[in-house]
Amino acid sequence: DAKTTQPPSMDCAEGRAANLPCNHSTISGNEYVYWYRQIHSQGPQYIIHGLKNNETNEMASLIITEDRKSSTLILPHATLRDTAVYYCIVRVARNYGQNFVFGPGTRLSVLP
Amino acid sequence: DTAVSQTPKYLVTQMGNDKSIKCEQNLGHDTMYWYKQDSKKFLKIMFSYNNKELIINETVPNRFSPKSPDKAHLNLHINSLELGDSAVYFCASSQDPSPLPQHFGDGTRLSIL
């Protein structure tokens, strides 16, 4: 699975949009982009995933560049409860977890 | 209803002991996993089971032995615990093979004295 690069930390004001970038320049055509987050002392929580098209659900939006080498997770109206570590992972669909590694991620702090 | 539940939540024990962690999922998923999160917060897969059969066994010492009595349960037994085993262990499940995501439990914090 391709590796990802994320900034170690970001701040965001409460109520504003949080835009979390991820670089995955070696992504291959059958690899999906997944975003998870981990709130302190809890297990990772799935947020969203996509292959080529932009995706939106009740939690967030995922914007994938046309060349698929990077993506951005958007939390449209960040709240204090969104403070967490956010992980960007790429993996193939038919995969039982091989090389499925969560790196250090981005620590997002939502400030009042 | 908790989708993926692990017990115990905390486990404090001495070096050399044998301990087990239990995991159950009520999502009807076919695949279950064990992950280890170390002190640097990297989360790495240890094992995955699909329909009670071992699919992945990463470089994990033989002291770690997973057991899946049915596809809703995946337990982790650890023999002769060592100081380096101190970590948070997460269980997860998913409907594989598919692009659908994994669902994680809240972890078991293992501390070796």
Side-chain angles (χ1 to χ4, degrees), chain A residues 1-6 8-9 27-53 55 57-60 62 64 68 71 73 84-108, chain B residues 2-6 9-10 21 23 25 27 29-60 66 68 71 74 87-109:
Chain A
D1 292 323
K3 293 197 188 314
T4 63
T5 305
Q6 299 176 251
S9 63
I27 193 169
S28 48
N30 62 347
E31 287 183 313
Y32 287 73
V33 180
Y34 289 82
W35 283 85
Y36 286 78
R37 71 181 181 184
Q38 190 171 21
I39 297 170
H40 182 63
S41 299
Q42 296 181 18
Q45 177 190 22
Y46 165 77
I47 301 172
I48 200 167
H49 75 282
L51 183 62
K52 295 180 182 177
N53 299 324
E55 301 288 343
N57 62 21
E58 65 278 4
M59 288 181 70
L62 173 61
I64 303 175
R68 301 185 71 239
S71 60
L73 177 74
V85 179
Y86 287 77
Y87 300 100
C88 169
I89 301 153
V90 295
R91 58 167 289 202
V92 297
R94 302 181 72 83
N95 176 303
Y96 290 99
Q98 289 94 336
N99 302 316
F100 198 43
V101 178
F102 286 61
T106 296
R107 182 172 296 279
L108 175 68
Chain B
T2 303
V4 181
S5 59
Q6 299 179 225
K9 190 174 176 66
Y10 299 96
I21 307 172
C23 178
Q25 55 95 2
L27 297 167
H29 288 163
D30 290 335
T31 307
M32 295 185 71
Y33 311 79
W34 277 110
Y35 288 84
K36 179 180 180 181
Q37 189 169 38
D38 59 24
S39 57
K40 295 181 180 178
K41 301 300 183 183
F42 280 78
L43 191 71
K44 292 183 181 179
I45 192 166
M46 301 172 67
F47 302 101
S48 74
Y49 269 71
N50 179 258
N51 281 320
K52 303 192 298 176
E53 291 194 15
L54 180 65
I55 301 296
I56 293 173
N57 182 351
E58 293 294 317
T59 4
V60 176
S68 181
K71 73 175 192 177
L74 181 61
V88 183
Y89 293 84
F90 288 98
C91 178
S93 73
S94 66
Q95 192 64 30
D96 279 324
S98 81
L100 294 175
Q102 298 183 12
H103 296 260
F104 285 80
D106 279 338
T108 295
R109 284 143 189 86

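Residue numbers start from 1 in every chain, and the chains themselves are labelled A, B, ... in the order their sequence lines are given, proteins ahead of strands.
- Neither the backbone nor the side chain of A:Gln45 comes within contact range of chain B, judged by heavy atoms closer than 4.5 Å.
- Atom NZ of B:Lys52 sits in a sparse spot, with 12 or fewer heavy atoms from other residues, nucleotides or ligands closer than 6.0 Å.
- Nearest heavy atom pair, residue A:Pro44 against residue B:Leu43, reads CG-CD2, 3.7 Å.
- For A:Tyr87, the ring-ring contact (aromatic ring centres under 6.0 Å, His included) partners two or more places apart in sequence, or in a different chain, are A:Phe102.
- Between B:Arg109 and A:Gln42 the shortest heavy-atom distance is NH2-N, 4.0 Å.
- A:Tyr36 places a side-chain N or O within donor-acceptor distance of the main-chain N or O of B:Gln102, the cut-off being under 3.5 Å.
- Both the backbone and the side chain of B:Phe42 come within contact range of chain A, with heavy atoms under 4.5 Å apart.
- Annotation: side-chain hydrogen bond (donor to acceptor under 3.5 Å, both in side chains) contacts of A:Tyr46 (sequence neighbours excluded): A:His49.
- Proximity to chain A is absent for every atom of B:Gln6, based on heavy atoms less than 4.5 angstrom apart.
- Heavy atoms from other residues, nucleotides or ligands lying under 6.0 Å from NZ of A:Lys52 number 12 at most.
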